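Some notes on the structure that comes next.
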Amino acid sequence: MLGKKLVTAQKRGETRALCLGLGMVACSMMMYFFIGITIVPFYTKSVWTTETMCKVLKANIKDKVLCPEGEGTEDEDIFPYPCLQVWVNLTASGQEVMLYQTEDTLERNPKCSYVPGKSENSKEVKARIEKIASNFKKYQTFPCYYDPGGTQPNVILSRLYPPKGLLFAFLWPTLMFTGGCLIIVLVKISQYVSVLSAWQ
């Protein structure tokens with residue numbers, strides 16, 4: 001009687017462990033799919049892939065502009081902010097080009113190097129842009145990214161999804177997938193050993 005209870009408890013534990021492993025594998029596949037349709041397209045679409053050094057030539061704050069200026073913009077998302085324009089000397093080619101914060105900055109407003117997030121406090125936005133401009137004037141040389149193919153003459157300060165960030169995004173679903181497969185394999189080995197012991 002006791003042996004039957006132990007076997008039943010063991011089978012229940014194996015079933016739960018197997019369900020856990022299959023659930024982890026299913027969740028990891030969903031995460032792979034989500035990353036594949038969200039992050040990967042942005043990474044592959046970016047042409048600013050080569051890192052070089054940029055030297056600041058001028059950093060000016062012009063009159064206020066409306067943000068953003070892209071198509072399909074809702075009126076409630078438009079707000080005025082000072083337009084920071086940073087021009088740098090590209091070490092790789094020696095050209096004078098405009099610097100943008102990220103790829104998204106160029107899409108939102110190609111006239112300005114920095115586009116702030118939506119904020120109701122215009123004083124904070126102005127102070128932040130002035131601080132960014134002073135930092136550019138203080139740190140004259142810094143790494144930046146440019147398009148080696150020449151389709152984009154401008155440069156960006158940082159990529160939204162660099163290679164390290166993409167690898168980090170794939171790290172967690174990979175660990176979950178590996179853990180789920182390991183649990184399934186261990187359960188199958190346990191079942192095989194149990195059957196082999198019973199047969200002997």
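Because the structure is a prediction, the values reported are computed rather than measured.
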Next on the checklist: Within the 4.5 Å heavy-atom criterion, are Leu167 and Leu171 side-chain neighbours or not?
Outcome noted: no
Checklist entry - So, do Pro110 and Tyr100 sit near enough that their side-chain heavy atoms are less than 4.5 Å apart? => result yes
Checklist outcome for this item: The reported gap from CD in Glu130 to CG in Leu84 (rounded to nearest 0.5 angstrom) is 10.5 Å
Next on the checklist: Donor-acceptor pair, distance only, cut-off 3.5 Å: does the side chain of Gln101 make one with the backbone of Val115?
Outcome noted: no
Item to check | Check: Thr49 and Asp147 side chains under 4.5 Å, non-hydrogen atoms | outcome: no
Checklist outcome for this item: Contacts of Lys45 meeting salt bridge (charged side-chain N to carboxylate O under 4.0 Å, His left out) (sequence neighbours excluded), chain-then-number -> Glu107
Item to check | Donor-acceptor under 3.5 Å (Glu103 side chain, Leu160 main chain) | outcome: yes
Checklist entry - Between Phe142 and Phe136, does the ring centre distance come in under 6.0 Å? => result yes
Checklist entry - Is there a donor-acceptor contact under 3.5 Å linking the side chains of Asn109 and Tyr81? => result yes
Checklist entry - Which atom pair, heavy atoms only, marks the closest approach of Thr105 to Cys112? => result CG2-O, 3.8 Å
Checklist outcome for this item: For Pro153 and Val97 the tightest heavy-atom approach is O-CG1, 2.8 Å
Next on the checklist: In the structure I gave you, are the side-chain heavy atoms of Ile35 and Trp172 within less than 4.5 Å of one another anywhere?
Outcome noted: no
Checklist entry - Can you tell if the side chain of Leu106 reaches within under 4.5 Å of the side chain of Gln152, non-hydrogen atoms only? => result yes
Checklist entry - Do Tyr32 and Thr174 have side-chain N/O donor and acceptor atoms under 3.5 Å apart? => result yes
Side-chain polar contacts of residues 20-31 - donor-acceptor pairs under 3.5 angstrom, sequence neighbours left out - could you list them?
{"residue": "Ser28", "atom": "OG", "partner": "Met24", "partner atom": "O", "Å": "3.2"}
{"residue": "Ser28", "atom": "OG", "partner": "Val25", "partner atom": "O", "Å": "2.6"}

Next on the checklist: Using side-chain heavy atoms (C-beta onward) and a distance below 4.5 Å, is Met53 in contact with Cys144?
Outcome noted: no
Checklist entry - Is Thr102 close to Trp48 at the side-chain level, that is, under 4.5 Å between some pair of heavy atoms? => result no
